[in-house]
Amino acid sequence: EVQLVESGGGLVQAGGSLRLSCAASGLFFDDYIIGWFRQAPGKELEGVSCIDNADNETYYSRSVKGRSTISSDNKKNTVYLQMTALKPEDTAVYYCAADTSAYCSIDSNVREDEYAFWGQGTQVTVSS
């Protein structure tokens, strides 16, 4: 059974940093693309970043590019999303998702319909 568990969310002041973690189990990690999504209250789910564990290709949405870094530790089956210079508009529930067939490239976007497995989410709240 594939399981994804996010952690690292919390309350932080604007300008601060957080590192979100997505721990995966029940899958051969190297075969998977891991995506990060977020959903703010009253808004649609937004894909913000992804990493292809096969070739380390990454993607960032315009909303987080330059402020976030996605990385993967294949020994720990964990993907990280380091977020800096946080803004109140970054407040959302952050989800990680996994699939072997998703497309992740610097010039792509992150599409929720490409991911079969999802975590339960972690809340990020940025105060002004």
Side-chain angles (χ1 to χ4, degrees):
E1 180 187 4
V2 176
Q3 287 192 328
L4 302 173
V5 180
E6 301 96 334
S7 61
L11 175 62
V12 64
Q13 288 188 332
S17 301
L18 282 174
R19 188 178 77 161
L20 306 183
S21 299
C22 173
S25 60
L27 52 77
F28 187 67
F29 194 66
D30 291 4
D31 286 346
Y32 279 75
I33 295 89
I34 307 295
W36 280 100
F37 297 79
R38 67 184 184 185
Q39 189 164 30
K43 295 191 176 182
E44 293 186 352
L45 195 68
E46 175 192 9
V48 296
S49 185
C50 61
I51 185 166
D52 187 333
N53 281 325
D55 60 11
N56 286 324
E57 191 79 23
T58 60
Y59 163 84
Y60 301 93
S61 68
R62 188 176 301 178
S63 60
V64 303
K65 191 172 185 177
R67 302 188 294 121
S68 298
T69 302
I70 191 169
S71 61
S72 183
D73 185 336
N74 288 29
K75 291 183 179 179
K76 295 183 178 179
N77 279 15
T78 299
V79 167
Y80 304 99
L81 184 66
Q82 178 74 47
M83 303 182 67
T84 63
L86 284 162
K87 306 173 184 179
E89 50 263 46
D90 293 318
T91 295
V93 178
Y94 284 71
Y95 301 91
C96 67
D99 204 285
T100 56
S101 301
Y103 183 64
C104 183
S105 173
I106 192 170
D107 57 358
S108 70
N109 55 10
V110 191
R111 293 179 50 171
E112 62 175 292
D113 60 356
E114 293 184 350
Y115 292 83
F117 304 104
W118 291 78
Q120 83 290 347
T122 185
Q123 176 71 48
V124 171
T125 303
V126 183
S127 62
S128 57

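Atom set for the values below is all heavy atoms of this structure, side chains included, hydrogens, waters and symmetry mates excluded. Remember, predicted model here, so these are calculated numbers, not experimental data. By convention here, the first residue in the shown sequence is residue 1.
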So which heavy atom on Ile34 is nearest to which on Cys22, and how close?
CG2-SG, 4.3 Å
Name all residues meeting the side-chain hydrogen bond (donor to acceptor under 3.5 Å, both in side chains) criterion together with Arg111; count only those two or more places apart in sequence or in a different chain, and write none if there are none.
Asp113
So, Thr91 side chain and Val126 main chain: donor-acceptor pair closer than 3.5 Å or not?
yes
Hphob cluster co-occupancy, Val110 + Ile70, side-chain heavy atoms under 4.5 angstrom
no
So which pairs with a foot in residues 81-114 pass ring-ring contact (aromatic ring centres under 6.0 Å, His included), sequence neighbours left out?
none
What donor-acceptor contacts under 3.5 angstrom involve side-chain atoms of residues 25-33, with partners at least two apart or in another chain?
{"unit_1": "Asp30", "atom_1": "OD1", "unit_2": "Asn74", "atom_2": "ND2", "d": "2.7"}

Side-chain donor-acceptor distances from residues 3-10 under 3.5 Å, at least two apart:
{"unit_1": "Glu6", "atom_1": "OE1", "unit_2": "Gln120", "atom_2": "N", "d": "3.0"}
{"unit_1": "Glu6", "atom_1": "OE1", "unit_2": "Gly121", "atom_2": "N", "d": "2.9"}
{"unit_1": "Glu6", "atom_1": "OE2", "unit_2": "Cys96", "atom_2": "N", "d": "2.8"}
{"unit_1": "Glu6", "atom_1": "OE2", "unit_2": "Gly121", "atom_2": "N", "d": "3.3"}

Tell me every residue that passes side-chain contact (heavy atoms from CB on, under 4.5 Å) with Ala116, counting only those two or more places apart in sequence or in another chain.
Asp99
What is the distance from atom CD of Glu46 to atom CZ of Arg38, rounded to the nearest 0.5 Å?
4.5 Å
Is any side-chain heavy atom of Thr58 less than 4.5 Å from a side-chain heavy atom of Ser49?
no
Over all heavy atoms of both residues, which pair between Val48 and Val64 is shortest? Give the atoms and the distance, please.
O-CG2, 3.5 Å
Closest non-hydrogen contact found for Ser128 with Pro88 is CB-CG, 3.9 Å
Going by the rule side-chain hydrogen bond (donor to acceptor under 3.5 Å, both in side chains), which residues pair with Thr125 if we only count those two or more places apart in sequence or in a different chain?
Gln123
Not counting sequence neighbours, list each pair that qualifies as a ring-ring contact (aromatic ring centres under 6.0 Å, His included) and has a residue in residues 49-82.
none
Separation between CG (Leu86) and OG (Ser17), nearest 0.5 Å, reads 6.0 Å
Summary of ring-ring contact (aromatic ring centres under 6.0 Å, His included) pairs that have at least one residue in residues 104-128, sequence neighbours excluded:
Phe37-Tyr115, Phe37-Trp118
Sequence-distant partners of Ser71, side-chain hydrogen bond (donor to acceptor under 3.5 Å, both in side chains), two or more places apart
none
By side-chain hydrogen bond (donor to acceptor under 3.5 Å, both in side chains), Glu114 pairs with (sequence neighbours left out) none
Cluster question for you: counting only ILVMFWY and a side-chain heavy-atom cut-off of under 4.5 Å, with indirect links fine, are Trp36 and Val93 together?
no
Salt bridge (charged side-chain N to carboxylate O under 4.0 Å, His left out): which pairs involve residues 57-86, sequence neighbours left out?
Arg67-Asp90
Scan for disulfide bond (SG atoms under 2.5 Å apart) pairs involving residues 33-65, sequence neighbours excluded, and state none if there are none.
Cys50-Cys104
Inter-residue atom distance Gln39.CD - Glu112.CD, 0.5 Å rounding:
8.5 Å
